[in-house]
Amino acid sequence: MNLAYVVLLILFVIYVPIYLYIRKSDKAREAGFDTWGPAVMIRTRWGLGMMDRAGSHKRLWHAFGTFSLLISFLLMLTIIGILVLDVAMLPSMISSGKTIGIEYAFAIPGLNPMLPLVYGIIGLVIAMVVHELAHGIQSRANDVTVKSSGILYGVVPLGAFVEPDDEEVRESSRRTRMHIFAAGITTNFVTAAVLFVVMFATLNGCMTSDHGDNPAIYAETYDIGIPVSAIITGIDGTEIEDYGQFTDYLKAHGTPGMDTYDVTYLYKGTVDTVNDVRLGVYMNSIIKGSPADKAGIPAGSYLLRMSDGINDTNIDIPSDFTYFMSTVLPGDTISATYMTSNGTENTVSMIAGERNGKAFFGATATISGLNIITPNEMLDAGINPFHGRSTISEYAIGVISYIGAPIRGFSPIPESCAWWYECTVMDTDTFWIIIYVIYWTFWLNLVLGVSNALPAMPFDGGYLFKDGMDWLLERMGVSDIPQRENLVNVFTNFVSSAMLLIMILIVIVMVI
């Protein structure tokens, strides 16, 4: 059984009797423990004095409240857009049959494979603290009493909280309520933005690589004997100094996918050579139901040639495959020649599919199952979500991909690849520790801010959406307060339920 399931089961067994005791015990409530739905609230008075002092600068926080509304509603549109794109991708997720595991559904450092224990805890604590402090300070700036602060726990830690006086919040103006709810979202986003700028400037100004343009391996789906993070420095005795020279060699010598090569590489200061390596366009996976799948092409094959009946193209490197597919249209008849892992060569015909208006084949391809990049390109991609993007839609996809980068092992680059670089101003190992702390604090603030903007109760975005609907209906002429409240409640409940159901569906498809 997956370790994540075992840990969660043990935590659940321990949590249930504790929850039931707190629910029934007056002594527990007197000590600051209470239940909130299926969760436990641990109330304290930490930070209340600081909230009072910071909240005394009323003019500053009122201006920040207006700014927060703008940022929060922009982030609300962002999270809705992310959900829409995720829903659009559900069919391909289902057809691929690939899942990432239930452990990814919990933001628990150490248990979630993409969240490192130490850096994850530091980042998560900072993100939760600044979020809740913002709620508390904005409450005090608007003369709303903050009764307590504390931790929300339910099987696993769910977050921190501050507890404004509910009655005072209800009696406050709509603008005050919205300023309070928007404060946490925007403070997380601003914190993330500041940390991103610091990280971007620091990495750009302090990191260098002696092999910046060499082809380098940052991940692999097929073991050909070269370790991950190795830098390729030669083929068949010819020195390779950059990625272009590497691909040119493959196109000019032999038949990639069929012939083998002697590859020399550098790995953490050691030079070694692997003989008889097959280098070619390796199909890592075939999408179920795609033209390639229907044609019977197995994953793990090498793509050799493609034809549309007029142009015959040798597929020596992945860009050859990408270019060929850009020259055909959905519905065109194409043929593909491939070699299986046992050396059998086959040619099949198929009708090109359609995806996003372009011809679709249905395979992911790399050079021999290796994800190859250059150290310079890796650094640019790791710190710039817009790297290689040229249109507004590509910018949007770039932002979404950047948010999901830790799933692919980037933080901001894979830790296995850190040895490619040297710091020009301090000890490199110490520098990377600082960068990892900055990155995970940035990333968790960003994720917490964006996710809390979801227009669904009990997220902050749900309360903002409710008051925003009330304002909109009032502007539309619905002056009868009971009627407006009824419409607001109906519409808010509908949108909240829809958003939560979509989130649950996406999580189920991704992790199970």
Side-chain angles (χ1 to χ4, degrees), residues 29 32-37 39-76 124-153 157-192 445 448-471 485 488 492 496:
R29 281 188 286 276
F33 294 85
D34 204 348
T35 57
W36 187 73
V40 169
M41 299 177 72
I42 306 173
R43 290 187 173 92
T44 71
R45 297 189 61 81
W46 295 341
L48 299 190
M50 188 272 286
M51 294 177 203
D52 287 340
R53 291 189 296 274
S56 64
H57 304 284
K58 297 182 183 295
R59 183 175 298 179
L60 170 65
W61 283 96
H62 290 166
F64 184 76
T66 302
F67 173 71
S68 296
L69 291 179
L70 174 62
I71 296 298
S72 295
F73 280 111
L74 288 175
L75 292 181
M76 186 180 295
L124 191 59
V125 168
I126 293 174
M128 290 191 299
V129 167
V130 299
H131 182 98
E132 296 304 325
L133 278 177
H135 284 314
I137 294 170
Q138 190 62 268
S139 296
R140 296 304 301 128
N142 286 277
D143 298 319
V144 173
T145 302
V146 176
K147 298 190 296 184
S148 67
S149 63
I151 299 170
L152 196 64
Y153 194 91
L158 301 177
F161 70 88
V162 296
E163 188 180 20
D165 187 284
D166 291 337
E167 185 175 348
E168 291 184 22
V169 172
R170 283 193 299 269
E171 293 176 353
S172 297
S173 67
R174 182 172 55 210
R175 176 181 290 272
T176 292
R177 290 196 303 271
M178 295 181 77
H179 282 187
I180 292 173
F181 293 130
I185 296 172
T186 302
T187 302
N188 279 135
F189 180 77
V190 170
T191 301
N445 270 279
L448 187 60
V450 173
S451 60
N452 260 288
L454 185 74
M457 301 292 192
F459 295 95
D460 293 334
Y463 295 102
L464 280 173
F465 182 81
K466 183 177 181 178
D467 277 326
M469 281 301 305
D470 184 68
W471 173 84
E485 288 180 349
V488 167
T492 301
S496 291

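Only heavy atoms go into these numbers, but all of them, side chains included; no hydrogens, no water, no symmetry mates.
The side chain to side chain donor-acceptor pair (under 3.5 Å) search around N452 returns none, not counting sequence neighbours. The side chain to side chain donor-acceptor pair (under 3.5 Å) search around D165 returns none, not counting sequence neighbours. Remark: E168 pairs with T145 by the side chain to side chain donor-acceptor pair (under 3.5 Å) rule, at least two apart or across chains. Under the side chain to side chain contact (heavy atoms under 4.5 Å, CB included) criterion, A134 pairs with A183, T187, not counting sequence neighbours. In this structure F161 satisfies the ring-ring contact (aromatic ring centres under 6.0 Å, His included) test with no other residue, sequence neighbours excluded. By the ring-ring contact (aromatic ring centres under 6.0 Å, His included) test, Y463 pairs with F181, sequence neighbours left out. Shown here are the side chain to side chain donor-acceptor pair (under 3.5 Å) partners of H179, two or more places apart in sequence or in another chain: there are none. For F189, there are no ring-ring contact (aromatic ring centres under 6.0 Å, His included) partners, not counting sequence neighbours. By the side chain to side chain contact (heavy atoms under 4.5 Å, CB included) test, S56 pairs with no residue at all, sequence neighbours left out. In this view, D470 and R174, R484 satisfy the salt bridge (charged side-chain N to carboxylate O under 4.0 Å, His left out) rule, not counting sequence neighbours.
When all heavy atoms of L448 and A127 are compared, the pair lying nearest together is CD2-O, 3.5 Å. Heavy atoms only, all atoms of each residue included: W46 and M51 are closest at O-CE, 4.3 Å. Between G136 and V162 the shortest heavy-atom distance is N-CG2, 3.7 Å. When all heavy atoms are compared, the tightest approach of T176 to S173 is OG1-OG, 3.0 Å. The nearest pair of heavy atoms linking R53 to H57 is O-CD2, 3.9 Å.
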> For H135 and V146, what are the C-alpha separation, side-chain angles and deciding distance, and is it a side chain to side chain contact (heavy atoms under 4.5 Å, CB included)?
Replying inline: CA-CA 9 Å; H135 284 314; V146 176; over 6 Å; no
>> Could you go through V144 and S172, starting from their C-alpha distance and side-chain angles, then the distance that decides it, and tell me whether this counts as side chain to side chain contact (heavy atoms under 4.5 Å, CB included)?
In response: CA-CA 8 Å; V144 173; S172 297; 3.6 Å; yes
> Can you list the steps and then say if T44 with I151 is a side chain to side chain contact (heavy atoms under 4.5 Å, CB included)?
Replying inline: CA-CA 8 Å; T44 71; I151 299 170; over 6 Å; no
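Applying the 6.0 Å contact sphere to CZ of R29 captures more than 12 heavy atoms from other residues, nucleotides or ligands.
Ring orientation note: the planes of F64 and F67 are tilted relative to one another, at an angle of 30° to 60°.
In this structure, the side chain of S496 engages the main chain of M457 through a donor-acceptor pair within 3.5 Å. In terms of modelled atom types and a separation under 3.5 Å, the side chain of R45 and the main chain of K147 share a donor-acceptor contact. Between the side chain of W61 and the backbone N or O of R140, no donor-acceptor pair lies under 3.5 Å.
Separation of atoms CD1 (I137) and CG (D52) is listed at 10.0 Å; rounding is to 0.5 Å. With rounding to the nearest 0.5 Å, the separation of CG in N445 from CE in M128 is 11.0 Å.
Under the 4.5 Å side-chain criterion, counting only non-hydrogen atoms from C-beta, T66 is in contact with R175. M178 is listed as a side-chain neighbour of F73, based on a closest heavy-atom distance under 4.5 Å.
The side-chain contact (heavy atoms from CB on, under 4.5 Å) with L75 is formed by just one residue from the set L454, I185, N188; it is I185. The side-chain contact (heavy atoms from CB on, under 4.5 Å) with S68 is formed by just one residue from the set T186, V190, L464; it is T186.
The salt bridge (charged side-chain N to carboxylate O under 4.0 Å, His left out) contacts involving residues 55-67 comprise K58-D143, where partners must be two or more places apart or lie in separate chains. The stretch residues 453-468 participates, sequence neighbours left out, in these salt bridge (charged side-chain N to carboxylate O under 4.0 Å, His left out) pairs: R177-D467.
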